[in-house]
Each structure stands twice: as C-alpha cells, then as structure tokens.
2 protein chains.
Amino acid sequence: MTERQFIPMIRAAREGCQERIRGGFPLQEHWSILRPAMADPLAISLPRLRTHLEALSRFGRNPDGRGITRSCWSGAHEEARAWLLGRMKEAGLSTWVDEAGNTFGRLGNGGPSVITGSHIDTVPNGGPLDGALGVLAGLECLQTIHESGARTRLPLMVVAWSDEEGRYAGLFGSSAFAGKLDAKQIPRLRAADGERLVDAMARAGFNAYDAPKARCNPKTLSAYVELHIEQGPHLETAKIPIGVVEGIVGNRRNWVTFRGQSDHAGTTPMAWRRDAFMAAAEYALRARRLIITKGSGRSVTNFGRVEVGPGVSNIVPDRCVLLHEMRELEPRVLARLERQCLALARSVAKKWRLKVTVDPISKSQPARCAPRVMRCVEAAAAGLKLKVKRMPSGAGHDAQNLALVTDSGMLFIPSQGGRSHRPDETSDWRAIERGANTLLYTLLELAG
Amino acid sequence: MTERQFIPMIRAAREGCQERIRGGFPLQEHWSILRPAMADPLAISLPRLRTHLEALSRFGRNPDGRGITRSCWSGAHEEARAWLLGRMKEAGLSTWVDEAGNTFGRLGNGGPSVITGSHIDTVPNGGPLDGALGVLAGLECLQTIHESGARTRLPLMVVAWSDEEGRYAGLFGSSAFAGKLDAKQIPRLRAADGERLVDAMARAGFNAYDAPKARCNPKTLSAYVELHIEQGPHLETAKIPIGVVEGIVGNRRNWVTFRGQSDHAGTTPMAWRRDAFMAAAEYALRARRLIITKGSGRSVTNFGRVEVGPGVSNIVPDRCVLLHEMRELEPRVLARLERQCLALARSVAKKWRLKVTVDPISKSQPARCAPRVMRCVEAAAAGLKLKVKRMPSGAGHDAQNLALVTDSGMLFIPSQGGRSHRPDETSDWRAIERGANTLLYTLLELAG
C-alpha cells in the first residue's frame, strides 16, 4: 500500500471533518458519511480489548491482591512483550523491536506515520490500566481498521515504549526515540535497589549502549496520540467521559539532605540538638504550603521517600534525606517554585543549625500538546456524542517526548476514584470502550 | 575470708565516714586516717586502667574510624568477654558467668555483696567508654584493693551486664538479675534486622530460655554503684568532675503509625491527598514542642526511626511509622506527656483525614537512686576534694534494674562535648582517674 492508496470514503470523511473543524461545527453528522458504506459504523471490539487487557494483566501479577509488578526488562515484562508481539502479528501488523526495546506494530507502509501507544511496564504493585490500556486500545484500533478492510492514507503504528515508569530511567524508550538519550548516562543508570540498566537490558537480550540508535527520523512521523486513564479525579467528578490533554506538566525531582549531629537522645538537652529529622519535617510542611499558595493553583508536590540516619531509637538523627518532587504546567512557575523551595531549605537548615544540600535527580520541561491533535480528538469525541474537557496531565507520559519530534497529544478517560499506581486502579468497561472508539476516530482523522 | 575478717583500719575509716556523713561535715580528714598506715593513700593505677580500656576497645573496632560495634552475643563481644574473664582472674577475683550472660568477678566471700559494674556491649559505631569504663574501672578498684592487701567487711563484685544497649532487649542481663525478665517474651525478642535473641545466644553458647534463672537473691546484695560517662554536656559545662546521680529517667518508646492513602503524586489534587508523611511531620514537630513546653524542663524526646511507604517518588505516602521516644524523671509527668502525645497524634491524624495507631515497644519507670549510695559517693568525692553536682541520668542504665533489688546509685564523669554513642565519644584521662578513685572510695565506704 502506498501513500496514495487510501479509501476514498475515509478521505472524504476526513476532509469533511477538517472542514467542520475549521467552521467550528459539531461533527456528529460526519460519521453518517461512513454509515452508508458499512453495515455498522466502525467500532472497536470491547470483548476482544477486554480479553487482551485481562491477559496482559496476568504477566507480573502478585499474589494476594498486591497488584502487578512488571518492571521494564524483568522476566514478566519480557514475557509480556513476546505476548504483545504475538497479538500484533495476529492483528495483521508488521512488528519489530528497536534498540531501546520499544515494541512496534505497523499497519500500512510509506509516508509519515500516525502513531499511538503507551507502555506495558508498571510501577511496583501497580494496576492493570496504566500504560496497558494505551497499547492495547491502540492495537485494537489498528486491528479494527485492518479487519474492516479500510485503508488509511498514512500508515498507522502502535508502540509500547520502554521503561515509562522509570525503574532505571523514566520515559527511557521514548527519550531514545526522540533522540534525547545521553549516551554517557547509560552506564550510570541504576534502579533504586542498585541494579544497573546495562545489566537488566543484557539479561533481556539488549545492549544498552545501542539504545541511542533508536532515534527516529522526525520526517517519518505525522502525529502521535496516546490514550490513558486520567489517574486523577477530575473527569469522574465532572462526569465527563473524555479529557483532551492540553499539555503535560514538567517536574523537578531533587534529593534534599539535611545534616545535623548524632547525639544521645536521653542525655543531650533539647536546645543543644541538631536534629536532621526535625528540620526535614519543617521543610516538608512549609514546602507543601509554599507550592499550594505560591504555585499556579494546579501545582503539586510530593515527598515520596524519606530516609533518616543512623535510624536508632536513642540517637538523635544526624541525617535526613527527602526525595522532593514538584510538578507544574507553566515553565516559569515551575522554575520559580524550585528556586523558592531551595531558599526555604536553606532558611530551615539555618534555623535548626544544620547543613542542607539539594541534588537534582531528574527534571522534565512542561510539554504543550499539538492543537491539531487536540482538535482531532475533540472532533472524534463529538462524532461519538461524547462530552470533552481540556485539562493538563499531572503525570509524565511518553507523549511529552514525542512532542519534541512530531505533533503530539493525549486523551484521557476517567479513573475510578482517581486511583492509579495501585492494585485497585480501574475504570469501567463502558468508559474504556468510549475512550478506545474516540482513539479509533482520532487515528482515522489523523491518518485519513 | 569471712565477714568478720576485715581490716580494722578500713572499718575505722568507714565508721568515721559515716559519723561525718550524719553530721554533715566534709570528709577530707577522713582519708588521713588511712595515710599513716600506708606508704601512700590507696589509689587506682591509671596506666593499667588505660591499658585495659585500650585493649577492650579493639574488640569490634570498625575500620576507617567508624567506632566500635560490639553488640551483645556477637563474636567480638564473646571475645571481649573471654578477655575480661582473663583480666578478672589476673586481678585475683573468682569469676563466673550466669545464665543471662552476666559476667562476674568477686573479691571476698560471705555476707551481702557490694557490686559495681556496667556493660561491655556497644551501640553500632559506638565509642570506647560507654559501659567499658564502668566495668574496667570497677575491675581496677577491686584489683587495687586486692593488691593493697586490704580486706573489706563485705565482699566486692564487678559485673558486666548483658545487652545493656538492647540489640535484642535493653538492660537484658540486669533485668534477668532483678527477676523482671518475662520468660514468655524470650522467643519473641529480636534485633531490628530480625535476628532472634534465641539464635544469637545459642551461637554464643547460651540457652536463652535459661536466662530467668539468673534472678538474684536480694538478701545476698548490699548495694550497687556504677561509674559512667555522663553522655551529656552538663558536667563539662559546669566544670564539675563528679555527677551524683539522683535517679534514672523513665522512658516510653512507641511506634506511631499514620495510615493514609497512596495516590499518584502528579494527578491527585493537593486537597484530595491523605498523605501519611505530612501528618507524621506535623506530629513530630508538635510533639517535640509539647514535651519542651509542657514537660518538667528536663523532659526529652526523639524520633530515631522514620519509615515511609511505599517509598516511591511519584506516589503519595500511605504509611509513615515514627519511633517516638520520651524520657522524664518524674513518673507522673512522664505518664501525662505520654497521654498528651497520644491525644496530639489523634488530633493530627483527624486533621489530615488519616488513621493513627500508637503501639508501645518498651517502657521503663523512672528509678530513684538510694540516698545512702548518693551520700557515699559524695563522701568519697569530698575525700578527694572533688566538687560534685546532683543530677538525673537522661540515659537508661542497669542501675535502674538494680534499684529494684538493692540500694543502687551511680556517679558520672564529664563526657567531652557531651558526646556519646559515637566514635568520638571520649573523656580525658584525669577525669577518668578522678572518677575511678571516687568509685574506689565509694566501694570502700559501702563495703567497709
């Protein structure tokens, strides 16, 4: 199939859609263009998607309801990758895995591709939808299109990006694809438990030093769109089925280390102590307050790891290390909050007569979604008579790396209770079906 | 030697001393009673004590200046015990080890004994004086008395009590000796790393289940006195060489566990979070303030261990466990502070919409030192023209268990910089000599 081999009906639909987008009309009528040519309007198979989601959730499932642990490069992850390649082939896609471990399935040839996808790794004790939904709904869309006999003007691809969750390095696969992987960092990348990326990739049959070769040629890309659960409560609260992502927040992750003095906790007068934990506790409370009151109103912060040394009942802590993370969509606000937190850390340390150091772990810049992709998602949702809401993504996603090399965007479906990164992370099957169908028509819009 | 075989000179000295104590006169002249009968007044050998302290400090010494790790029942501790038994025999003492691993050396027979001692185990990365000084200065006193040819009316004993520092259970050996060891608890006692006491004792050749057999017959005891470094800054700051301990503070050690909800740290609005670490931070700061402002003025508190779960950068902590310790000499004040902290924990948990549980780990009641022992220490110091200061002990000591079965007391010498439980814990040799000589004359007073 070449770029010129497309189904005139789809092309007509797409052009009609674009007309209507320009004119600002709702697109419900648009889909009626499709209907006369088909027995039914094109729609994904929820039973098949559900079977696939349930099958994937068995790789890395922990006993006793403790969710799914499917870290990238682990045995469970590599088994899931093999299973996914099998499903892609079954769906009629051509498949390959690149040097960074990104797993691709393609429908069609030539011309710049329209890509969808997400990731199949999970956080420890994670849920069944984060990442998995975007990959399997993308696969379902391509399979639906393929089985319908329809052909799009542009080729369609579905991808599972490596190590989105960052056991070794967050958004690793899409960073490599976007050409922002620093080859010098590769030997230094380690998991929290000390395991080196180089060793984990070797165990899975990859040479980590080759990962930068996964860099894409941006000319071969037309657009990227990713379906994901919201992982927050906004859509559910507002009873809106589809979130149109405006941008992905940037983040700062720093180690904030307070160093005081270890003293006997029974014999040292309170006023003499230089207690690193007390300073850290005050810093954490005040940094939270600062980010709530001086941020954008949507700025968030977290202290996910706290370590106190020497860690003995009767010794005053001489060391407390906080992993301090903050996120914000507006780059200037994010930079200002980081500076204000640094000043706060120094002021708190001085008050408690301690030393403090702030060491960056990682940072990402906020990414804006492409207006073209946002409009196509809105058009697709309108065609399905689904309400939408524009919103930022508070979580990082591979779409932010894709934004560096192509028009990139995302759509969200509600998360039950806003829960994610937990065993009870879920949505409901109707919401998943709505999201997958919106993705289907978004891809048709983009690939025409 | 029977109870009646004593040196009339010492007896006369003792009686003179007691007369003077009753009359409230300084006792300087008292020691002149000894002088005519001896070439020099009785005094310990600082070079020999120093040699012994330096020798003991080599058992369990860590490389690179990281202090001494000589946990009870460890290989290093058992080697140190064997060395100590050798030194006791060399000093002319009869020796034995009881079922709780307490190591005894005795000079003389019959009658209720006057005991001195401390412990030879250390905290991890501890210093050379905590415990070691009290045992080796006690040994030095008995050796000095033995070599002088003097005989006391009552037998003298020096003891190294097991596991004072509490790798498995604080004050273990003296608890067994005082008959307060709960046999049912023995199989449950574990180190922080999970190792069972039963296994550690078996490795060292002891049957932990026999430890309660170490219970003493209080009728065989006359008094207990323990020399220790202060482990705080009061004596050094006041330039006073001898602290006369009025009592040993009681303590409460509780696990305070806040339980909230783990959520995605990027997507959950700040106002929705139930962050266990934030509640714990607020509790720690406010409990510290409460104990400073509502305590006795000498009450102290510490949070030596802090654990946050699940411990991941981008997940809101759903669990934070604090090891909360508080100490105070006045039993009613201690009980009130514990109640107020419990109420505070509940109020903070409510504010953050969390649950909190407070689980006791250990508690000890404050122990008052015997006025008779305090007066004998003061008399001995006065005889040596040393200033004294009455003070509480902020640290727990075996003397508090001995207070349950006999007249018990302690004397302190200054700690440099108030430092203890650290590699740089030290005193100076003149201070050590003054302390050991004060102990010597205190023992002579008590055993007369």
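First the proteins, then the strands, lettered A, B, ... as listed; each starts at 1.
Chosen from B:T267, B:D275, B:I291, B:I315, the residue pairing most often with chain A at heavy-atom distances under 4.5 Å is B:T267. Listed options B:S299, B:P269, B:G166, B:P124 were ranked by heavy-atom pairs under 4.5 angstrom with chain A; first place goes to B:P269. The greatest number of non-hydrogen atom pairs below 4.5 Å with chain A, out of B:A280, B:A265, B:S313, is found for B:S313. Interface summary for chain A: among B:D263, B:V316, B:D318, the most heavy-atom pairs under 4.5 angstrom belong to B:V316. Counting heavy-atom pairs under 4.5 Å between each of B:H324, B:Q261, B:R327 and chain A puts B:R327 at the top. Most heavy-atom pairs under 4.5 Å with chain A, from the set B:S415, B:G232, B:G394: that is B:G394. Contact tally against chain B (heavy-atom pairs below 4.5 Å) for A:S420, A:A284, A:G396: the top residue is A:A284. Note: A:L285 leads A:L285, A:V308, A:N251, A:N125 in heavy-atom pairs under 4.5 Å with chain B. Counting heavy-atom pairs closer than 4.5 Å to chain B, the top-ranked of the candidates A:E165, A:H234, A:M326, A:M278 is A:M278.
Rounding to the nearest 0.5 angstrom, the gap separating the OG atom in A:S427 from the CG atom in A:L133 is 7.5 Å.
More than 12 heavy atoms of other residues, nucleotides or ligands sit less than 6.0 Å from atom NZ of A:K389.
Looking at B:R298, neither its backbone nor its side chain comes within 4.5 Å of chain A, counting heavy atoms on both sides. Interface remark: B:S393 contributes no atoms to any contact with chain A (heavy atom separation under 4.5 Å). For B:T237, the part sitting under 4.5 Å from any heavy atom of chain A is the side chain, from C-beta outward, and nothing else. If you measure heavy-atom distances from B:L323 to chain A, the contacts under 4.5 Å come from the side chain alone. Residue B:V249 does not touch chain A at all, counting heavy-atom pairs closer than 4.5 Å. If you measure heavy-atom distances from B:E425 to chain A, you find no contacts under 4.5 Å at all. Residue B:L322 touches chain A through its side chain alone, counting heavy-atom pairs closer than 4.5 Å. Heavy atoms closer than 4.5 Å to chain B are found nowhere in A:E307, neither backbone nor side chain. With a threshold of 4.5 angstrom between heavy atoms, B:F277 approaches chain A through side-chain atoms but not through N, CA, C or O. In this structure, the portion of A:I292 lying under 4.5 Å from any heavy atom of chain B is its side chain and not its backbone.
Counting heavy atoms from C-beta on, the side chains of A:R167 and A:E195 come closer than 4.5 Å.
One side chain, B:H119 or B:D130, offers a donor N or O that lies under 3.5 Å from an acceptor on the other. Side chain to side chain, B:H264 and B:N314 fail the donor-acceptor criterion of an N or O pair below 3.5 Å.
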Task: Evaluation steps, side chain to side chain contact (heavy atoms under 4.5 Å, CB included), between B:Y283 and B:W352 - done: CA-CA 11 Å; B:Y283 171 71; B:W352 292 87; over 6 Å; no

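Partner B:E325 forms a salt bridge (charged side-chain N to carboxylate O under 4.0 Å, His left out) with one of B:R288, B:K363, B:R305, B:R253 and no other, that one being B:R253.
A distance-only check finds no donor-acceptor pair linking the side chain of B:D398 to the backbone of B:L171 [under 3.5 Å].
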